[in-house]
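A short worksheet on the structure shown next.
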Protein chains: 2
Amino acid sequence: MQLSPLTEAFTLHFGEMGSRWGINRTVGQIYALLYVSERALPADEIAEILGFSRSNVSLGLKELQSWRLVRLQHLPGDRREHFSTLGDIWQIVRVLAEERRRREIDPTLSVLRELIMETPGGEADRYAQTRLREMHDLIELIMRWSEDVQKLDTADLTQLLKLGGRVVALLELKNRLPLIGRGRREPAMSHDSDGSHDQELET
Amino acid sequence: MQLSPLTEAFTLHFGEMGSRWGINRTVGQIYALLYVSERALPADEIAEILGFSRSNVSLGLKELQSWRLVRLQHLPGDRREHFSTLGDIWQIVRVLAEERRRREIDPTLSVLRELIMETPGGEADRYAQTRLREMHDLIELIMRWSEDVQKLDTADLTQLLKLGGRVVALLELKNRLPLIGRGRREPAMSHDSDGSHDQELET
DNA sequence: TCGAAGTTCCAGAAATTACTGGAACATGGA
DNA sequence: TCCATGTTCCAGTAATTTCTGGAACTTCGA
């Protein structure tokens, strides 16, 4: 099997982008190839198409599987394992977000928490801790939000995205309706000490 | 000047995270150090504190400046240039998002557009192009949204984040109010051919 | 149980990326 | 203008990451 110029251009670009992102170039290219391929491909075909060694492809596929970004399937009449990407692009985004959170964000949050708990060794440490807390709270806020939003079905998500900044108009609306919203505005970066997270909209 | 254990732990972790992200380890550490430092630091102090060569620090600072993540300032009575991070953490997020878009997303979108425009060289290319289009449209949708949301002031943004998935309740509300919403639901990944982006809420 | 086909692992080679020291260059005060 | 101080650039070196080929292992049908 040969690589069409179109697919070649895409895999090359994707590999390049991947390497800026902590994903290595070959892994990126393998993913790109599977992404645009209509049928699932076995490892040796991938190696042949992209010109990588068999073991390199094997490593790459293992990595992609650990990210849950490629699926393994068996085709009738063929003993080899075939690989393909997730079909639903929104699902890809969700999986990516989850894995990144698990691998990078969560460990970072726990390091930050530990450091914030330590007794400061001086004025400098005290300042550092306030900065760390700001970072921690911000990351946590964004993560909670994204965890939450990820659960939405695709239609809701699309509608929300299309709304963009105009969602603020909805917020205003909510704040003006006393039966639904309390009309208060959170101060920036408040610590949400009561843990309520504006539950009042839940009906 | 000496590095407190707290700051050291933070810089090390941050450097590690950075290197998973395409930012090199030393650049990450420099940023982390500045982030938790109350006063701006000159390059030679940074080099001494972190134990890097003077030129490495210089390179790193240049890189950070090109990302608009550190600011240069002159202190009275000191000829040296001093560096510090942005004070407002939300601003940091905004700047980061903008730069990443400029450097990575926009080029990717334009590659995708080019490839989608090409005349397909066969059935396989035709399928590949539909996949590329899906990816392109998704990225563009998310980018438009984030561009939009970034313009919100911090209070609105915080409120929105706290709301999380419960924002859907607002969407439902909007869809139920005939004077405000049209009550229609976009099909998933529709191409928004009229370019209206639900303008009706703009009052 | 044997052999063919397929997969995984690993040690070393190759390529890439990061880092250093020093030299060239710039700037501002005397 | 000259000197002291500070900054940038660059070529070579070091460290890290990626990639390869082959050997060991696994699986399945005959």
Dot-bracket encoding per residue of DNA chain D, Watson-Crick/G-U cut-off under 3.5 Å, | denoting interstrand: ||||||||||||||||||||||||||||||
Nucleic acid contacts of residues 11-28 of chain A, taken as heavy-atom distances under 4.0 Å to DNA chain D: A:N24, A:T26
Hey, are [X] and [Y] close enough for a salt bridge, meaning a charged N less than 4.0 Å from a carboxylate O?
X	Y	answer
B:R144	B:E147	no
A:E118	A:R113	no
A:R101	A:D106	no

Geometric cation-pi criterion A:R103 and A:W67, 6.0 Å radius, 45° cone: yes
[Y] and [X] side chains, donor-acceptor separation under 3.5 Å:
X	Y	value
B:T7	B:S4	yes
A:S84	A:R39	no
A:S37	B:R131	no

Between C:dC19 (C1') and B:L61 (CG): distance, integer Å: 15 Å
B:L75 CG to D:dG6 C1', straight-line distance once rounded to whole Å: 15 Å
All pairs passing salt bridge (charged side-chain N to carboxylate O under 4.0 Å, His left out) where residues 50-75 of chain B contributes a residue, at least two apart: B:R68-B:E98, B:R68-B:E99
Pairs touching residues 4-21 of chain B that satisfy salt bridge (charged side-chain N to carboxylate O under 4.0 Å, His left out), sequence neighbours left out: B:E16-B:R25
Pairs flagged by ring-ring contact (aromatic ring centres under 6.0 Å, His included) wherever residues 139-162 of chain B is involved - sequence neighbours left out: A:W145-B:W145
Where protein sits on nucleotides 3-15 of chain C, one letter per nucleotide: B base, S sugar-phosphate only, - none, heavy atoms under 4.0 Å: --BSSBBB-----
